[in-house]
Amino acid sequence: MDWIALFLSLRLAGWTVAILLPVSVLAGRWLAYRQFRGKGLVEAVVMLPLVLPPTVFGFYLLLAFGRNSPIGAFWQVTFGHQLVFTFEGLLVASVIFNLSFAIQPAQRGFEAIPVEVREAASCSGMSPMRSLWRVELPLAWPGVLTAMVLTFAHTLGEFGIILMMGGSIPGETKTIAIAIYDRVQGFDMAGAGIMSATLVAISLFTIAATYMLSARVGRRLS
């Protein structure tokens, strides 16, 4: 077991979820309630990571954040090192690549809230922010929770985009998925099998715990 790679993957997944949680709530709510010209195009852009091969997406991110790009050059001047092939670069790529997993389920959760409920909250004098925290989030939270679980599990298994943006630097960009690939390349099937089984166990436990928590809260609300 490559524990350093495992902990790096968990760290990457945790930071990705933490960053995308407010994005999931605000963007999901906005897309659920607002009707505007070009909304279909915005939703298509959000869902693009689901259909693009990770290596293709990683290639364009590499161009966008590489040393010769404006963003990459700014990062180099500001922090003294390049953005790509670092943990920070992996985090930026992971956040962008997981936008569809974070936003779409949350959007569906907010869309399921009846209009009458939001109108009643408005008529009772609640501000939009108070209505969000006191009325909408308790009803839409299963969608938000699903978004975060999908984001976490998907980040753990990311491979193509990690390889493109970070390579395989131990302790910096070598995640558990990259470590499994390296073990297979070295014909260490036993090590690859242990790490693969660990990923399966973590993902299964996370999803199962989410379903049990959702069911328990659902019974309380009913």
Side-chain angles (χ1 to χ4, degrees), residues 9-52 54 57 90-158 161 199-222:
S9 295
L10 293 174
R11 179 186 170 202
L12 178 63
W15 275 108
T16 301
V17 168
I19 293 173
L20 284 179
L21 176 57
V23 176
S24 171
V25 172
L26 297 178
R29 183 176 184 266
W30 179 65
L31 287 174
Y33 297 161
R34 300 296 181 185
Q35 298 297 327
F36 55 90
R37 183 177 299 176
K39 180 180 179 180
L41 179 60
V42 173
E43 291 178 321
V45 170
V46 170
M47 297 300 291
L48 197 58
L50 285 179
V51 296
L52 272 182
F57 203 84
L90 286 191
L91 182 58
V92 171
S94 180
V95 167
I96 296 174
F97 193 54
N98 280 288
L99 281 174
S100 53
F101 293 93
I103 294 177
Q104 201 268 349
Q107 179 183 348
R108 297 294 174 259
F110 282 107
E111 287 175 345
I113 301 176
V115 178
E116 294 79 7
V117 173
R118 293 189 286 113
E119 290 177 346
S122 178
C123 291
S124 65
M126 286 187 176
S127 65
M129 186 58 65
R130 184 175 176 83
S131 174
L132 170 63
W133 285 106
R134 298 295 299 274
V135 178
E136 297 169 33
L137 268 183
L139 296 175
W141 85 269
V144 176
L145 180 61
T146 299
M148 295 302 98
V149 170
L150 288 176
T151 299
F152 183 85
H154 183 253
T155 303
L156 285 181
E158 287 174 352
I161 196 167
L199 269 188
V200 171
I202 293 174
S203 300
L204 184 61
F205 173 79
T206 303
I207 295 173
T210 302
Y211 274 116
M212 288 187 291
L213 179 62
S214 298
R216 179 175 299 181
V217 174
R219 288 195 296 269
R220 289 180 179 178
L221 291 177
S222 61

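FYI, side chains are in, hydrogens and waters are out, and symmetry mates aren't considered; it's all heavy atoms of this structure.
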So CE of Met126 and OG of Ser124: to nearest 0.5 Å the spacing works out to 4.5 Å
key: Intermediate values then yes/no, side chain to side chain contact (heavy atoms under 4.5 Å, CB included), Glu158 and Asn98   = CA-CA 10 Å; Glu158 287 174 352; Asn98 280 288; 2.6 Å; yes
Taking atom CZ of Phe36 as the centre, does the number of heavy atoms from other residues, nucleotides or ligands within less than 6.0 Å exceed 12?
yes
To the nearest 0.5 Å, atom CD1 of Ile19 lies from atom OG of Ser24 at 13.5 Å
Note: Thr151 and Leu20 closest approach over all heavy atoms is CG2-CD1, 3.9 Å
Minimal heavy-atom distance between Ile161 and Ala93, with the atoms involved, is CD1-O, 3.9 Å
**Item:** Close side-chain approach of Thr206 to Leu156, heavy-atom, < 4.5 Å
**Value:** no
One should read off an interatomic distance between Ile113 CD1 and Tyr33 OH, to the nearest 0.5 angstrom, of 3.5 Å
Distance col, row Arg11:CZ vs Thr16:OG1, nearest 0.5 angstrom, shows 11.0 Å
Residues at least two apart in sequence or cross-chain that pass side chain to side chain contact (heavy atoms under 4.5 Å, CB included) with Val92, listed by chain then number, are Phe65, Ile96
Val135 and Ala121 have their tightest heavy-atom pair at CG2-CB, 4.0 Å
The reported gap from CG in Leu150 to CD in Gln104 (rounded to nearest 0.5 angstrom) is 9.5 Å
Take Phe110 and Leu132, measure what side chain to side chain contact (heavy atoms under 4.5 Å, CB included) needs, and give me the verdict at the end.
-> CA-CA 10 Å; Phe110 282 107; Leu132 170 63; 3.9 Å; yes
Treating Ser94 as the side-chain partner and Leu90 as the backbone partner, does any N or O pair qualify as donor plus acceptor under 3.5 Å?
no
May I have the list of side-chain donor-acceptor pairs in residues 39-52 shorter than 3.5 Å, sequence neighbours left out?
from  : atom 1 : to     : atom 2 : distance (Å)
Lys39 : NZ     : Leu31  : O      : 2.6
Lys39 : NZ     : Arg34  : O      : 3.0
Glu43 : OE2    : Gln107 : NE2    : 2.7

Residues at least two apart in sequence or cross-chain that pass salt bridge (charged side-chain N to carboxylate O under 4.0 Å, His left out) with Arg118, listed by chain then number, are none
Smallest heavy-atom separation, Met148 atom then Leu21 atom, equals SD-CA, 3.7 Å
